Amino acid sequence: MKLATWNVNSLNVRLPQVLDWLRANPVDVLCLQELKLADEKFPLPAFQELGYHAEWAGQKTYNGVAVLSREPAGDKVRGIPSFEDPQQRILGVTLPSPAGDLRVICAYCPNGQAVGSDKYAYKLRWYEALRDWLSAELDLHPRLAVLGDYNVAPTDADVHNPERWAGQVLVSEPERAAFDALLDLGLADSFRLFEQEPKSFSWWDYRLNAFKRNAGLRIDHILLSAPLANACRACGIDKAPRANPQPSDHAPVVATLEL
DNA sequence: ATGGTCGCCATGCGA
């Protein structure tokens with residue numbers, strides 16, 4: 001079973017690339033972030049033609065998340081319960097698997113803009129609410145996967161130029177502590193369960209030829225609860241779509257589970 | 001030292 005995540009930076013613009021990628025990579029589950037479209041504009045028929053079901057939480061212009069799956073999803077949750085937020089960043093679903101139900105959460109964590117800004121404070125508050133909610137979700141669902149754009153590079157190994165990035169948004173200590181608090185719940189960063197190429201990243205700024213220079217960060221992650229981490233056989237980043245014309249600034253991340 | 005690119009939608013803003 002393959003689970004994947006991809007921040008597409010506008011599903012309107014990226015739909016053909018997402019469809020191409022799914023045809024070449026027929027994963028069981030694909031979590032999408034930054035749809036940037038209203039609910040009524042979600043292109044469900046295009047995904048149905050490829051044999052996928054879909055659930056989504058959209059809004060005009062900003063944010064927006066979706067879960068595509070081979071099997072129909074149940075028990076849908078939109079947003080972090082008890083965290084009032086007009087920004088559509090969270091979608092949780094339950095999916096069947098040979099090992100029993102799988103809880104899949106698609107997350108588009110706040111960017112934070114700049115350390116010390118209002119958006120940075122919102123990011124840290126949001127992470128705290130996420131941790132509290134995931135703690136409860138883990139009690140309910142032993143097989144939990146949280147996939148998405150976390151907007152945090154967990155360690156300096158996830159940063160192309162740690163000296164220049166030190167203390168900046170996406171790598172600052174409070175953000176890393178907020179991310180580590182998710183791992184402390186018992187979730188594993190599936191990418192780090194395996195040997196990986198040095199300088200592996202999932203996001204490259206559109207500016208300054210960042211992709212050509214591999215000047216990136218690893219901020220898209222697949223976190224797995226212990227039973228799923230034990231079943232995880234591989235995790236990798238597919239850089240190919242980032243080299244497309246009109247690419248998203250993020251690459252897909254894929255985890256392979258033996259369930 | 002500064003600005004650089006996208007996508008939104010028509011202007012600056014968010015990333």
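From a predicted model like this one, the values you see are computed outputs, not experimental measurements.
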Is [X] salt-bridged to [Y], cutoff N-O under 4.0 Å?
| X | Y | result |
| --- | --- | --- |
| A/Arg103 | A/Asp75 | yes |
| A/Arg192 | A/Asp158 | yes |
| A/Asp189 | A/Arg218 | yes |

Say you pick atom [atom1] in [N] and the same atom in [M]; how far apart are they, in whole Å?
| N | M | atom1 | answer |
| --- | --- | --- | --- |
| B/dC9 | B/dG14 | C1' | 13 Å |
| B/dT11 | B/dC6 | C1' | 16 Å |
| B/dG4 | B/dG12 | P | 15 Å |
| B/dG3 | B/dC13 | P | 15 Å |

Taking [atom1] from [X] and [atom2] from [N], how many angstroms apart are they, rounded to a whole number?
| X | N | atom1 | atom2 | result |
| --- | --- | --- | --- | --- |
| A/Asp249 | B/dG7 | CG | P | 9 Å |
| A/Lys123 | B/dG14 | NZ | P | 15 Å |
| A/Asn209 | B/dC6 | CG | C1' | 14 Å |
| A/Tyr62 | B/dA15 | OH | P | 8 Å |
| A/Asp205 | B/dG4 | CG | P | 12 Å |
| A/Lys36 | B/dG14 | NZ | P | 12 Å |
| A/Glu34 | B/dT5 | CD | C1' | 14 Å |
| A/Asn63 | B/dG14 | CG | P | 11 Å |

Query raised in the report: So which of A/Trp203, A/Phe179, A/Phe201 actually passes ring-ring contact (aromatic ring centres under 6.0 Å, His included) with A/His221?
Result: A/Phe179
**Report entry** Along DNA chain B (nearest heavy atom to each residue), the more 5'-positioned of A/Asp149 and A/Leu208
**Finding:** A/Leu208
Requested in this report: Would you kindly compare A/Gln246 and A/Pro110 by the position of their nearest DNA chain B nucleotide and give the one closer to the 5′ end?
Outcome: A/Gln246
Below 4.0 Å: OP1/OP2 of [N] and any side-chain N or O of [X]:
| X | N | result |
| --- | --- | --- |
| A/Lys60 | B/dC8 | no |
| A/Arg14 | B/dG7 | yes |
| A/Ser10 | B/dC8 | yes |

Query raised in the report: Taking a pair as Watson-Crick or G-U wobble with both distances under 3.5 Å, which nucleotide is matched to B/dC6?
Result: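 WC or wobble partner is B/dG14.
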Query raised in the report: For A/Tyr108, which contact category applies under a 4.0 Å heavy-atom criterion: base, sugar-phosphate, or nothing?
Result: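 Since only primed, P, OP1 and OP2 atoms lie under 4.0 Å of A/Tyr108, the category is sugar-phosphate.
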**Report entry** CA sep, side-chain torsions, deciding dist, call: A/Glu175, A/Ser172, side chain to side chain donor-acceptor pair (under 3.5 Å)
**Finding:** CA-CA 5 Å; A/Glu175 290 167 273; A/Ser172 75; 2.5 Å; yes
